[in-house]
Q: 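Dumping the structure here so I can ask a few things about it.
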Amino acid sequence: MIDGDLEPKYILGGGSNVLFEEDYDGLIVRNAIEGIAILGEDTTEVCLEVGAGVIWQNLVEWCLDRDFGGIENLSLIPGTVGAAPIQNIGAYGVEFESVFDSLDALSTVDGTERSFSKEECEFSYRQSIFKSALKGKYIITKVRLKLTRKDHPLVLDYGQVSQELDHKGIVSPSIQDVSQVICQIRRSKLPDPSVTGNAGSFFKNPVVQKAKYLSLQQDYPEIPGYMVGQDLCKIPAAWMIEKCGWKGYRSGDVGVYPRHALVLVNYGSATGSEIRQLSDCIKKSVREKFGISIDPEVNIV
Ligand code: EPU
């Protein structure tokens, strides 16, 4: 049980999506629960139970080796398996919730254990109940996933994925091919956090009314946007940040990655609060230029 005194506590996974603004005055608990087990399988599906401290990419590779499909598009996302449901991690047209079955968690308030079904996790775009109503209230211990064993339904229609497969002459891609192409795209655009400090996308892509998007299109005919249902449109924050002139910006050791405007980087000794200040300036200029508010995707502590 973790309770017992009033010392503030922070539960860390891999730490790859967290920005500490200053030294943390309390106890940091790093989740190191290991293990990948097959709970059940038939000819079409397999159910895995995975310790929350397992490195996400290790799970992806473990599944690719066994030809278990469903998370190949989530290749090379940094962090742990326990962080995946908190963020509802997503990339290249797939979100974690699509393979999620259920999870076990420990209450930080009274130490009791409980399970959460998919509905109870309240997943949405980079969001779950663990980032909202139950923030800090549970430590995720085990995550169960349902993956395919054959006839894997591939998601290839995001960005350059199918283009890159075509380019390689791959007509009927396997999940391993898809993973390889996605790793290649990610490596070409995103900095490796073990080399250059970064937390991936710093902001979420804002979702605006279709009418707002159409009015921006009058001024910026090339503005990208993806319809979300009938009335809403998701605009890449990276595009707006680049238009505001931030891409490649650097001041001291803080900057905006030259190959992707959504990624803020620490070139060495920048402090958390310097990164936060840069993010505030970027947010302000996007609001002034486009009238749209962009919100952090990273967890700021
Ligand atoms: N773009 C620019 N300038 C840039 C980069 C991108 O204008 O410097 C524009 C382009 O129009 C491009 C569009 O933004 O087509 C989208 O860019 P990209 O495909 O790189 O994706 P993203 O929307 O910036 C999201 C996720 C990423 C995920 C990719 C691929 C969010 C907040 N981010 O980024 O996730 O890898 O899609 O699926 O939804 C993360 O969450 O940390 C993360 C890296």
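Read the numbers this way: they start at 1 and go in the same order the structure lists the ligands and their atoms. Computed from heavy atoms alone, side chains included, the values below leave out hydrogens, waters and symmetry copies.
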Q: Do N31 and I139 have side-chain heavy atoms sitting under 4.5 Å apart?
A: yes
Q: Under 4.0 Å from a heavy atom of E242: which atoms of ligand 1 are those, numbered in the order shown and with their elements?
A: 2 (C), 3 (N), 4 (C), 7 (O), 8 (O)
Q: Can you check whether K204 has an N/O within less than 3.5 Å of an N/O in ligand 1?
A: no
Q: Closer than 4.0 Å to some heavy atom of F203 - which atoms of ligand 1 meet that?
A: 32 (C)
Q: Just to confirm my output: which protein heavy-atom neighbour is closest to atom 17 (O) of ligand 1, and how far is it?
A: H260 NE2, 4.0 Å
Q: When you measure from the centre of the six-membered ring of F290, is the NZ or CZ of R287 closer than 6.0 Å and no more than 45° off the axis?
A: no
Q: For atom 36 (O) of ligand 1, find the nearest protein heavy atom and state the residue, atom name and distance (0.1 Å precision).
A: R186 NH1, 3.3 Å
Q: Kindly indicate whether a cation-pi arrangement holds for K234 with Y125, taking the cut-offs as under 6.0 Å to the six-membered ring centre and within 45° of the axis.
A: yes
Q: Just heavy atoms, cut-off under 4.0 Å: does Y125 contact ligand 1 by side chain, backbone, both, or neither?
A: side chain
Q: Can you tell me if D42 and T44 form a side-chain donor-acceptor pair at under 3.5 Å?
A: yes
Q: Side chain to side chain donor-acceptor pair (under 3.5 Å) between Q180 and Q176: does it pass, once the steps are laid out?
A: CA-CA 6 Å; Q180 232 176 42; Q176 292 77 10; over 6 Å; no
Q: Could you establish whether Y257 and ligand 1 come within less than 4.0 Å of each other, counting only heavy atoms on the residue side?
A: no
Q: Are the side chain of E49 and the backbone of L39 linked by a donor-acceptor contact shorter than 3.5 Å?
A: no
Q: Hey, does the Lys NZ or Arg CZ of R250 hover above the aromatic six-ring of Y267, less than 6.0 Å from the centre and inside 45° of the axis?
A: yes
Q: Just distances here: any N/O of R259 and N/O of ligand 1 closer than 3.5 Å?
A: no
Q: What do the steps show when you test N205 against E297 for side chain to side chain donor-acceptor pair (under 3.5 Å), and what is the final call?
A: CA-CA 9 Å; N205 289 326; E297 192 255 0; over 6 Å; no
Q: What atoms of ligand 1 come within less than 4.0 Å of a heavy atom belonging to L262?
A: 24 (O)
Q: Could you find the nearest protein heavy atom to atom 35 (O) of ligand 1 and give me its residue, atom name and distance?
A: R126 NH2, 3.0 Å
Q: Are the side chain of S201 and the backbone N or O of F203 linked by a donor-acceptor pair below 3.5 Å?
A: no
Q: What protein heavy atom sits nearest atom 22 (P) of ligand 1, and how far away is it?
A: N205 ND2, 4.0 Å
Q: Mark up the atoms of ligand 1 that fall under 4.0 Å of a heavy atom belonging to G200, in ascending order.
A: 42 (O)
Q: For ligand 1, indicate whether the residue Q87 contacts it via side chain, backbone, both or neither (heavy-atom separation under 4.0 Å).
A: neither
Q: Closest non-hydrogen protein atom to atom 38 (O) of ligand 1, residue and atom name please, with distance?
A: Y92 N, 2.5 Å
Q: In terms of atom number and element, which parts of ligand 1 are under 4.0 angstrom from non-hydrogen atoms of A91?
A: 36 (O), 38 (O)
Q: Kindly say whether L262 contributes a backbone atom to a donor-acceptor pair with the side chain of H260 at under 3.5 angstrom?
A: yes
Q: Considering both backbone and side-chain atoms of A199, is one of its nitrogen or oxygen atoms within less than 3.5 Å of a nitrogen or oxygen in ligand 1?
A: no
Q: Please state whether G159 comes within less than 4.0 angstrom of ligand 1, counting heavy atoms only.
A: no
Q: Should one rank A261, S201, A238, P206 by closest heavy-atom distance to atom 42 (O) of ligand 1, which comes out on top?
A: S201
Q: Among protein heavy atoms, which sits nearest to atom 29 (C) of ligand 1, and what does the distance come to when rounded to 0.1 Å?
A: Y158 OH, 4.0 Å
Q: Can you tell me which residue and heavy atom of the protein come closest to atom 7 (O) of ligand 1, and the distance to 0.1 Å?
A: W239 CA, 3.1 Å
Q: Check the pair T80, W56 against side chain to side chain donor-acceptor pair (under 3.5 Å), reporting the backbone distance first and the verdict last.
A: CA-CA 5 Å; T80 56; W56 176 262; over 6 Å; no
Q: Kindly determine whether S293 and K283 satisfy side chain to side chain donor-acceptor pair (under 3.5 Å), including the steps that lead there.
A: CA-CA 7 Å; S293 180; K283 184 178 164 83; 3.2 Å; yes
Q: Can you name the one residue among L64, I77, V99, I89 that meets side-chain contact (heavy atoms from CB on, under 4.5 Å) with I71?
A: V99
Q: What is the closest protein heavy atom to atom 15 (O) of ligand 1, and at what distance does it sit?
A: Y226 OH, 3.7 Å
